[in-house]
Amino acid sequence: MDDDSRFRGEPIDDSTMEALLRERGFGVLSLARDGMAYGIPVSAGYDDGRLYFVFFGFGTAPSRKLERVQHTESGSFLLYEVAGPDDWWSVIAQGAIRLVDSRQEWERLEAAMRDNAWRPNILDDAAKSSGVEGYVLEVADVRGWRGPDAEFEALDEE
């Protein structure tokens, strides 16, 4: 590996990126409004090219997270891990983000969250709260890079 590749990394194959999106269960959702970017750590469920998220409203004013996602047409979702200078990887999924607006899609959100979100009990918390909204990011583009020493442990590559 040349020095440029050491810093730039090598591409991650599609099946590994898919497995990471499905198994990781959390990451950073980046949204923008009026030119101002906002990164949000979130628990996420993934299924068949879609990332699902649940947001809560608290009190009378919407949360900052909810306010941002309500006014964003597209977003990106970042997964990453860094264990050393040559042992790192990152995956970025980008696409349109929108409100989950049907019962059928809410059921898909629930299934994905329960299956692979880092915090699947968020749905139980949601049942006790008002102002809960589900969103889906339709993945249109996904890219991943890895350092020369990065290894992926026990990924279920379907």
Return the [atom1] to [atom2] distance between [X] and [Y], rounded to the nearest 0.5 Å.
X	Y	atom1	atom2	value
Asn116	Glu23	CG	CD	8.5 Å
Asp86	Asp149	CG	CG	5.0 Å
Leu51	Leu21	CG	CG	5.5 Å
Leu109	Glu105	CG	CD	8.0 Å
Glu138	Asp48	CD	CG	9.5 Å
Glu10	Arg146	CD	CZ	6.5 Å

Close side-chain approach of [X] to [Y], heavy-atom, < 4.5 Å:
X	Y	value
Val136	Trp106	no
Val28	Val42	no
Gln94	Asp141	yes
Asp115	Asp47	no
Ile97	Ser74	no
Val54	Met113	yes
Leu29	Phe53	yes
Tyr52	Glu110	no

Verdict with reasoning, Tyr46 to Glu18, per side chain to side chain donor-acceptor pair (under 3.5 Å):
CA-CA 9 Å; Tyr46 179 79; Glu18 181 90 6; 3.0 Å; yes
Can you list the steps and then say if Leu78 with Ser90 is a side-chain contact (heavy atoms from CB on, under 4.5 Å)?
CA-CA 7 Å; Leu78 169 68; Ser90 64; 4.2 Å; yes
Going through the checks in order, is the side-chain contact (heavy atoms from CB on, under 4.5 Å) test met by Trp145 and Ile12?
CA-CA 5 Å; Trp145 296 91; Ile12 299 174; 5.5 Å; no
Does Tyr80, at its OH atom, have more than 12 non-hydrogen atoms belonging to other residues, nucleotides or ligands within less than 6.0 Å?
no
Please check if atom CG in Asp14 has more than 12 non-hydrogen atoms from other residues, nucleotides or ligands closer than 6.0 Å.
no
Donor-acceptor pair, distance only, cut-off 3.5 Å: does the side chain of Ser76 make one with the backbone of Ala93?
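No: the side chain of Ser76 does not pair with the backbone of Ala93.
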One pair to check against side-chain contact (heavy atoms from CB on, under 4.5 Å): Phe77 and Val91. What are the steps and the verdict?
CA-CA 8 Å; Phe77 184 71; Val91 172; over 6 Å; no
Decide, yes or no, whether a salt bridge links Arg103 with Glu107 under the criterion of side-chain N to carboxylate O below 4.0 Å.
yes
Can you tell whether the side chains of Glu73 and Arg98 come within less than 4.0 Å, N to carboxylate O?
no
Smallest separation among heavy atoms of Thr72 and Ala32, with atom names
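Where Thr72 meets Ala32 most closely, the heavy atoms are OG1-O, 3.2 Å.
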Any chance you could lay out the side-chain contact (heavy atoms from CB on, under 4.5 Å) test for Arg143 and Ile92, step after step, and finish with the verdict?
CA-CA 5 Å; Arg143 298 177 190 220; Ile92 300 174; 5.6 Å; no
Side chain to side chain contact (heavy atoms under 4.5 Å, CB included) partners for Arg24, two or more places apart
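Result, side chain to side chain contact (heavy atoms under 4.5 Å, CB included) vs Arg24: Phe26, Leu79, Glu81, Trp89.
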